[in-house]
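Okay, so here's the structure we're looking at.
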Protein chains: 2
Amino acid sequence: MILNNEPSFAEVIAGSQAACDALSDEDDGLKREVLAHAGNRWSLGIVHALGVSGTLRHADLGRRLEGVTQRMLTRSLRQLERDGLIVRHDHREMPPRVDYALTELGRGLLLGMMPLWTWVIDNAASFRAARNRFDGDDAA
Amino acid sequence: MILNNEPSFAEVIAGSQAACDALSDEDDGLKREVLAHAGNRWSLGIVHALGVSGTLRHADLGRRLEGVTQRMLTRSLRQLERDGLIVRHDHREMPPRVDYALTELGRGLLLGMMPLWTWVIDNAASFRAARNRFDGDDAA
DNA sequence: CAGCATCCCCAAGGATACTG
DNA sequence: CAGTATCCTTGGGGATGCTG
């Protein structure tokens, strides 16, 4: 069960260490900044929806991310635009027609996140198990 | 420059779609939950530090994550423990001696995040460029 | 040393109503 | 349809002091 014949963990973490050293001060904040934005409740869904559909209008996004308010949707979109992850195209028509799409950077983010996603999915059960185990400890 | 001979984006995103469908309701929250915890300012640093060092005491972590308060450190540790990402081992000595280490799940998370990290690092420049471009647009 | 208790601040997130 | 403005709640995060 223990993986010492493959170079997985130790090596990869060592690489992580090197990587983190590489982006010392300012860049380190960047990492957390990316995470923070990704953790922004809606940003993820937006990026994912755009990744799947290519281009979506404001209202389309609002429908896909059911539960989001216009305020938060607009906010998140602005944030993502500012981060260079999506592009906003205003057709300047009446009635208004604005659509959003991922940039190359945004696509890169989505791709970079895939391994994490698949990992989360694969380990969803483990998460719940851990959670329950902990709660059980509490009770016991 | 455009990659249409390799199956990268479309296929991977399609996989992402399938994956997201797979974990419909409750599991979807799990994803964001993971992200949220990862975005918790200190959790990342803790997981990474433990990944590098293997086992660390409370004060050790406090030193590595300079800027963290005991309160937040303890909080984050409890959270991570609850999520099954780290284990807490209290030696029950005087003076107190408690150390923390990653669980298998925690190591998995770290591994799952590596691609994202390396991507962020590789694209740090692009991020700043986007940011500056946007600010420039504002000014212009 | 480990960590709990208390008090405080503020930004994320939401509900609602309004506009071009 | 796309978006802004206003008001409110919540919880993350921090500072400080105390205990076993």
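What you see is a predicted model, and the numbers here were worked out from it, not measured in a lab.
- Partner of B/His48 under the side chain to side chain contact (heavy atoms under 4.5 Å, CB included) criterion, out of B/Val52, B/Leu44, B/Leu50: B/Val52 alone.
- Remark: A/Arg63 is in phosphate contact with D/dC1, judged by side-chain N or O atoms under 4.0 Å from OP1 or OP2.
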- Task: Could you run through nucleotides 6-20 of chain D and give me one letter per nucleotide, 5' to 3': B if any protein heavy atom sits under 4.0 Å from the base, S if only the sugar-phosphate is that close, - if neither?
- Result: B-----SBBB----B
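- Put simply, CZ on A/Arg92 is 12 Å from C1' on D/dA2, counting in whole angstrom units.
- Contact annotation: the side chain of B/Ile86 never approaches that of B/Leu105 to less than 4.5 Å [non-hydrogen atoms, C-beta and beyond].
- Between A/Glu93 atom CD and D/dC1 atom P there is a gap of 14 Å when expressed in whole angstrom units.
- Nucleic acid contact for A/Arg78: sugar-phosphate only, since backbone atoms but no base atoms lie under 4.0 Å from a heavy atom of the residue.
- B/Asp60 pairs by the side-chain hydrogen bond (donor to acceptor under 3.5 Å, both in side chains) definition with B/Arg63, not counting sequence neighbours.
- For residues 49-59 of chain B, the pairs satisfying side chain to side chain donor-acceptor pair (under 3.5 Å) are B/Ser53-B/Arg64, with sequence neighbours left out.
- Taking a 4.0 Å limit (strictly below) on heavy-atom distances, residues 54-62 of chain A does not reach DNA chain C anywhere.
- With rounding to whole Å, B/His89 atom NE2 is found 13 Å from C/dA2 atom P.
- A search for side-chain hydrogen bond (donor to acceptor under 3.5 Å, both in side chains) contacts involving B/Asn40 returns nothing, not counting sequence neighbours.
- Qualifying side-chain hydrogen bond (donor to acceptor under 3.5 Å, both in side chains) partners for A/Trp42, counting only residues two or more places apart in sequence or in other chains: none.
- The separation between B/Tyr100 atom OH and C/dA2 atom P is 8 Å, rounded to whole Å.
- With a 4.5 Å cut-off on side-chain heavy atoms, B/Met113 and B/Leu109 count as touching.
- If you measure from atom CG of A/Leu80 to atom C1' of C/dA12, you get 15 Å, rounded to the nearest angstrom.
- No donor-acceptor distance shorter than 3.5 angstrom exists from the side chain of B/Thr103 to the backbone of B/Val87, with no hydrogens or angles considered.
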